Amino acid sequence: MAPPSAPRLLVVTTVSTTLDAFLLPYADHFRAKGWRVDALAAGATTHPGLISHFDRRFDAPWQRRVGGVIHAWRTARALWSAPRQVRAVVADGGYDLVHVHTPIAAWITRFALRQRAPTTKVIYTAHGFHAYPGANRLRNAMLRTIERAASAWTDYLVVINADDLALATRDRLVPAGRMVHHPGIGVDGSHYRVASRVDQYAM
């Protein structure tokens, strides 16, 4: 457990499996540097793979998908209270950084923290905007409008592919000095290798 004076980071995703699949090395890195690292996601408190990687875990009311009328109604009610819950977690945690991932969690969290304390910075890593080349134009226009609104509440934006870089630049989501293009999310070279022609044919 980090000391009370340690810098504080809250990692937010829509579901806990995203934390487990992609963000544990990131959490471990900051904890090794002396940070207190907490997590907020649906299912975070019951996901056993997270226990040793985060100091505290909080459950979020949102979900990745909505299906069925009753489920949609329950989800809508939960989402109505979500910004209040996010604000409570952040106020209690006194975080220096809130790092958001995945579109649903990222939008709700940034909306909830639009009037945050100036000492709390919000970073959004876009693992792939929902608006993308080749998708329905009307849908893309709507999603781009939503993302432009959220950009006003974003201190720093990280994009990991060329399409997202182009969209973020075209829509001026954040000033150039506050956007980072980090190609990909990293590959462990000791674990993976380039497939041989034999391997490729066998797939």
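None of these values were measured; they are calculated from a predicted model.
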### Partner set under ring pair (Phe, Tyr, Trp, His ring centres under 6.0 Å) for F111, not counting sequence neighbours
W107, W153

### Query
Got a sec, which pairs hit salt bridge (Lys or Arg N to Asp or Glu O under 4.0 Å) with one end in residues 81-91, sequence neighbours left out?
none

### Task
Evaluate whether atom CZ of R170 has more than 12 neighbouring non-hydrogen atoms of other residues, nucleotides or ligands under 6.0 angstrom away.
yes

#### Entry: Partners passing side-chain hydrogen bond (donor to acceptor under 3.5 Å, both in side chains) against N140 (at least two apart in sequence or in another chain)
none

#### Entry: side chain to side chain contact (heavy atoms under 4.5 Å, CB included) partners of D28, counting only residues at least two apart
H53

### Closest approach of Y156 to T154 (non-hydrogen atoms, all atoms of both residues)
O-CG2, 3.2 Å

### Task
Identify, with sequence neighbours excluded, every residue that meets side chain to side chain contact (heavy atoms under 4.5 Å, CB included) alongside A105.
V12, T14, W62, T102

### Message
I need the minimum non-hydrogen distance between G34 and A6, along with the two atoms involved.
### Response
O-CB, 3.1 Å

#### Entry: Sequence-distant partners of T125, side-chain hydrogen bond (donor to acceptor under 3.5 Å, both in side chains), two or more places apart
H99

### Query
Got a sec, which residues hit side-chain hydrogen bond (donor to acceptor under 3.5 Å, both in side chains) with D171, two or more places apart in sequence or on another chain?
R144, R148

### Task
Heavy atoms only: give me the nearest I160-A126 pair and the separation to one decimal.
CG1-O, 3.7 Å

## Note on the structure
H47 meets the side-chain hydrogen bond (donor to acceptor under 3.5 Å, both in side chains) criterion, sequence neighbours left out, with S16, D20

### Task
Test H181 against D164 for side chain to side chain contact (heavy atoms under 4.5 Å, CB included), laying out the working first.
CA-CA 9 Å; H181 178 213; D164 286 354; over 6 Å; no

### Message
Assess the residue pair F129 and L173 against the criterion (side chain to side chain contact (heavy atoms under 4.5 Å, CB included)); give the C-alpha distance rounded to whole Å, side-chain angles, the decisive distance to 0.1 Å, and a yes or no.
### Response
CA-CA 12 Å; F129 290 125; L173 295 183; 3.8 Å; yes

### Task
Return the orientation label for the H101 and H127 ring planes: parallel under 30°, perpendicular over 60°, tilted otherwise.
tilted

### Query
Which heavy atom in A82 sits nearest to a heavy atom in I108, and how many Å separate them?
CB-CG2, 3.9 Å

### Query
Considering residues at least two apart in sequence or located in another chain, which fulfil the salt bridge (Lys or Arg N to Asp or Glu O under 4.0 Å) criterion with D59?
none

### Task
Indicate yes or no: at least one non-hydrogen side-chain atom of V37 is less than 4.5 angstrom from one of Y26.
no

### Summary
Tightest non-hydrogen contact, residues D55 and W35, listed as OD2-O, 4.1 Å

### Summary
Those residues at least two apart in sequence (or on a different chain) that pass side chain to side chain contact (heavy atoms under 4.5 Å, CB included) with P25 are none

### Summary
For residues 110-130, the salt bridge (Lys or Arg N to Asp or Glu O under 4.0 Å) pairs (sequence neighbours left out) are R110-E147, R116-D155

#### Entry: side chain to side chain contact (heavy atoms under 4.5 Å, CB included) against H130, all qualifying residues, sequence neighbours excluded
P103, R139, L143

